[in-house]
Amino acid sequence: GAISLSRAIRKHVGTAGAITLIVQAALPCLVFYAQSSGSILEMTGGTNVAFAPPVDHLSNVLLPILSRMGVRAEVKSFQRGYYPTGGGNVCMDIQSVRAPLHPLLCDERGRIVSVHLVSFGHGPAVTTEISQCLEDKLTNVLRDFMLSRPQFVVSEFEEVTVHRDVGTVGVEVTNAQRQNERGSKRKRGRAPRDSSLGAQVWCITETGDILSANALESCRNPEQFQGIVDTLCETILRRIALVVESGACVDEHTADQLLVYMALAQGHSRIICPPVDPIDSTLHIDTAIHVVQSITKCEFVVQN
């Protein structure tokens with residue numbers, strides 16, 4: 001039978017648990033929720049934490065791709081939250097779908113038109129200088145990579161667009177973060193001193209495909225952060241290079257989130273993913289296919 005929900009749905013994780021993983025579970029349901037005015041989903045927890053997509057991937061990669069299928073959802077506002085205190089806040093506006101989703105066709109990539117990045121960080125070791133160093137070095141690395149492979153980019157390509165974010169450094173501490181930090185003091189006898197630094201990169205192609213890569217590193221020793229900047233640049237370059245040079249239209253970690261929408265769409269969808277990354281590949285796509293097929297009885301065909 002029908003499930004009755006209020007227009008505004010609130011979820012407080014209580015830790016730095018990933019808000020984007022809540023979205024992965026809730027969004028496919030709320031898209032089809034028969035509420036004429038749609039839904040507001042408000043969540044408190046971690047926005048940029050390990051083992052989960054950053055909120056920047058949600059707003060700049062996943063939702064724009066889903067909009068091609070008819071999903072109308074947007075991140076209205078967010079306050080970043082990091083491990084271990086959490087306290088991040090994301091508010092999403094989700095419009096109900098009145099017709100079947102369109103099939104998703106990401107199989108003709110075209111050349112890259114623009115490259116974008118946003119960096120994010122939190123903690124005593126993440127200074128303005130460290131954040132700027134990451135942005136500058138990653139910008140140079142990405143620009144040099146693209147310009148050295150003219151077959152993949154439009155001839156007009158020159159620069160990487162850096163998106164400034166007020167939550168990158170010196171973010172205001174929220175009440176939830178203060179409460180969580182006080183709880184951590186009671187449990188461990190001192191305030192958490194973890195520092196996190198990361199970045200999200202996305203490339204937009206002539207056909208509207210979005211190629212994505214992100215990485216996050218954490219530590220407590222400020223002296224290690226110069227090395228972390230180098231590690232982040234190397235990791236993100238490796239991940240975006242795999243997608244670009246393989247001719248893929250979507251990266252592995254975005255693809256596993258798209259499968260449920262492909263199963264719910266009317267008609268045949270098709271996406272081209274990169275080959276398995278020997279360093280940090282997962283079985284998420286295989287697992288998602290198995291679960292989605294079991295629930296929807298939709299048939300997936302994987303071609304190598």
Side-chain angles (χ1 to χ4, degrees), residues 2-35 37-63 66 71-96 118 120-124 126 165-198 200 214 216 218 220 253 256-257 260-261 284:
I3 299 176
S4 178
L5 296 173
S6 63
R7 169 166 161 74
I9 303 169
R10 296 176 176 85
K11 174 60 180 176
H12 176 53
V13 179
T15 65
I19 287 174
T20 52
L21 297 186
I22 297 176
V23 174
Q24 286 186 26
L27 185 58
C29 303
L30 293 177
V31 163
F32 293 98
Y33 175 46
Q35 171 71 264
S37 56
S39 304
I40 298 293
L41 181 59
E42 298 180 7
M43 301 157 285
T44 302
T47 61
N48 299 78
V49 293
F51 307 110
V55 65
D56 312 270
H57 176 275
L58 174 65
S59 58
N60 295 302
V61 181
L62 182 62
L63 293 182
L66 290 179
V71 173
R72 296 291 177 260
E74 62 176 321
V75 175
K76 300 294 287 187
S77 63
F78 69 89
Q79 162 73 52
R80 295 189 186 277
Y82 298 87
Y83 176 84
T85 54
N89 179 267
V90 173
C91 178
M92 290 187 65
D93 187 353
I94 305 162
Q95 300 301 312
S96 299
V118 60
F120 40 83
H122 176 76
V126 183
D165 177 65
V166 294
T168 299
V169 176
V171 63
E172 179 183 355
V173 178
T174 64
N175 288 332
Q177 286 174 312
R178 291 190 183 96
Q179 292 169 3
N180 288 343
E181 187 154 329
R182 283 197 292 268
S184 298
K185 286 181 181 179
R186 288 193 293 269
K187 291 178 183 178
R188 299 190 294 179
R190 55 185 172 82
R193 304 297 294 172
D194 299 71
S195 295
S196 299
L197 184 67
Q200 168 72 53
N214 56 68
L216 176 74
S218 300
R220 294 187 176 184
H253 301 290
D256 66 54
Q257 299 177 63
V260 63
Y261 302 94
H284 289 178

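Because only heavy atoms are used, hydrogens play no part in the values below, and waters and symmetry mates are left out as well, while side chains stay in.
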Compare every heavy atom of [Y] with every heavy atom of [X], then report the nearest pair and how far apart it is.
X      : Y      : result
Leu216 : Ser196 : CD1-CB, 4.1 Å
Leu41  : Ala26  : CD2-CB, 4.2 Å
Tyr82  : Ala16  : O-CB, 3.7 Å
Val49  : Tyr83  : CG1-N, 3.8 Å
Ala18  : Ala52  : CB-CB, 3.4 Å
Phe51  : Leu21  : O-CD1, 4.4 Å

Minimum side-chain heavy-atom gap [X]-[Y] below 4.5 Å:
X      : Y      : answer
Ser218 : Asp194 : no
Thr15  : Pro84  : no
Met43  : Val13  : no
Thr47  : Thr20  : no
Val55  : Ile19  : no

In Å, rounded to the nearest 0.5 Å, how long is the span from [atom1] of [X] to [atom2] of [Y]?
X      : Y     : atom1 : atom2 : result
Phe32  : Ile94 : CZ    : CD1   : 12.5 Å
Cys91  : Arg10 : SG    : CZ    : 8.5 Å
Leu30  : Asp93 : CG    : CG    : 11.0 Å
Tyr261 : Leu27 : OH    : CG    : 3.5 Å

Among side-chain atoms of Asn214 and Gln200, is any donor-acceptor pair under 3.5 angstrom?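 Their side chains do contain a donor-acceptor pair, which is all the 3.5 Å distance test asks for.
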With side chain to side chain contact (heavy atoms under 4.5 Å, CB included) as the test, would you mind laying out the steps for Val31 and Leu66 before giving the verdict? CA-CA 11 Å; Val31 163; Leu66 290 179; over 6 Å; no
Salt bridge (Lys or Arg N to Asp or Glu O under 4.0 Å) involving Lys11 - partner list, sequence neighbours excluded: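 In terms of salt bridge (Lys or Arg N to Asp or Glu O under 4.0 Å), with neighbours along the sequence ignored, Lys11 is linked to no residue.
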Contacts of Val75 meeting side-chain contact (heavy atoms from CB on, under 4.5 Å) (sequence neighbours excluded), chain-then-number -> Leu58, Ser59, Leu63, Phe78, Val90, Met92
